[in-house]
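Structure record follows, encoded as structure tokens.
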Amino acid sequence: MAEAISDRQIVRVLRPFVRAAQPVLRAMCRPGRIEGLANVKLPGSAAWDAMDRQQHIDWWINRVGRLTSLVTAIPGIGGALADRLPVQDALGASAQGLLLCAIAGEHGIDDVGERVRLLAWVLFQRDIDPALAAGKHGEAEDAKTAELAGEFDEHDGKRFSAKAAATTLWRMGRSLLAVSGELEKRPRGRFYQRALGMLPVVGIAGDYLAERSGLKRVAKRADAWLSGART
């Protein structure tokens, strides 16, 4: 029988993830060719300032979600074989974690510990003690954060290309494999979307739809946590 994963282990994995998410999200906001056309409603633009918070969150789900869901669905090419591997859950949890950090930012939550608690509750159904989530800022955590952020840690002006999206999501997702037993708890898509994802070749379509649906469920659970309705 596998040993249970402790809250302390969850925190040890999530703190560098949350810290690395900040420069990655900044890069994802920059105009580029990720989706073929630059979106004029970018953070910091006049159009963005005219939007309310819910519209900002919807933007994150749709713009960032389209990118992360597509990359996450790539293992679906292998159908049921890929679904039996941890790749799908690692990429999916990474995408969902990035979205949660973006949502936290829209609510003015910049504290790493609070973001850790949000991710733990939404993704792993864990209610982490605030003192534990606050953690201790040390060299090991700094090094892991820099590793996860990759090129976006030192080169803040770098654009987030499709290739960078794939490598970054996998790099960050791979770090979550340290708590792989918890990844199955993350919000998922509809059962029929997941069933389609079990099929070879066309499975990518099912996995894409499932990951998009999962991101929407993540946003709903985040709203519940942020409003205090934590059931």
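Everything quoted here is computed from the prediction, not taken from an experiment.
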Specify the closest pair of heavy atoms between L123 and A93, including all atoms of both residues, with the distance to one decimal.
CD1-O, 4.1 Å
Do L25 and W60 have side-chain heavy atoms sitting under 4.5 Å apart?
yes
Smallest separation among heavy atoms of L226 and I109, with atom names
CD2-CD1, 3.2 Å
As an exercise, state the distance from OG of S94 to CG of L183, rounded to the nearest 0.5 Å.
10.5 Å
Between R171 and E151, is there a side-chain N and carboxylate O pair less than 4.0 Å apart?
yes
Spatial distance of atom CG (D111) from atom CZ (R117) [nearest 0.5 Å]:
10.0 Å
Aromatic plane relationship, W48 with H56 - under 30° parallel, 30 to 60° tilted, over 60° perpendicular
parallel
What distance do I103 atom CD1 and D223 atom CG have between them, rounded to the nearest 0.5 Å?
8.5 Å
If you round to the nearest 0.5 Å, how far is CG of L177 from OG of S175?
8.0 Å
In Å, rounded to the nearest 0.5 Å, how long is the span from SG of C101 to CG of L118?
7.5 Å
Any side-chain heavy atom of R221 within less than 4.5 Å of one from Q96?
no
Indicate yes or no: does R186 engage E211 in a salt bridge with an N to O separation below 4.0 Å.
yes
Will you find, in the side chains of Q22 and R115, an N or O donor that is under 3.5 Å from an N or O acceptor?
yes
Using side chain to side chain donor-acceptor pair (under 3.5 Å) as the criterion, list what pairs up with E182, not counting sequence neighbours.
R126, K185
Least distance between heavy atoms, L132 atom then R8 atom
CD1-NH1, 3.5 Å
Between S227 and A224 the two heavy atoms that sit nearest each other are OG-O, 3.0 Å
Applying side chain to side chain contact (heavy atoms under 4.5 Å, CB included) to D127 and D7, what does each step give before you reach the verdict?
CA-CA 9 Å; D127 189 7; D7 286 354; over 6 Å; no
Do L99 and K216 touch side chain to side chain, with heavy atoms closer than 4.5 Å?
no
Across all chains, not counting sequence neighbours, the side-chain contact (heavy atoms from CB on, under 4.5 Å) partners of Q55 are M51, D52
Take F152 and T168 through the test side chain to side chain contact (heavy atoms under 4.5 Å, CB included) and record every step on the way to the result.
CA-CA 9 Å; F152 302 110; T168 302; 3.4 Å; yes
Validation: residues 10-18 side-chain donor-acceptor distances under 3.5 Å, sequence neighbours left out:
{"residue": "R15", "atom": "NE", "partner": "E141", "partner atom": "OE1", "Å": "2.8"}
{"residue": "R15", "atom": "NE", "partner": "E141", "partner atom": "OE2", "Å": "3.3"}
{"residue": "R15", "atom": "NH1", "partner": "A133", "partner atom": "O", "Å": "3.1"}
{"residue": "R15", "atom": "NH1", "partner": "A134", "partner atom": "O", "Å": "2.7"}
{"residue": "R15", "atom": "NH2", "partner": "E141", "partner atom": "OE2", "Å": "3.1"}

What's the verdict on side chain to side chain contact (heavy atoms under 4.5 Å, CB included) for M172 and L176, showing C-alpha distance, side-chain angles and the deciding distance?
CA-CA 7 Å; M172 297 184 75; L176 300 178; over 6 Å; no
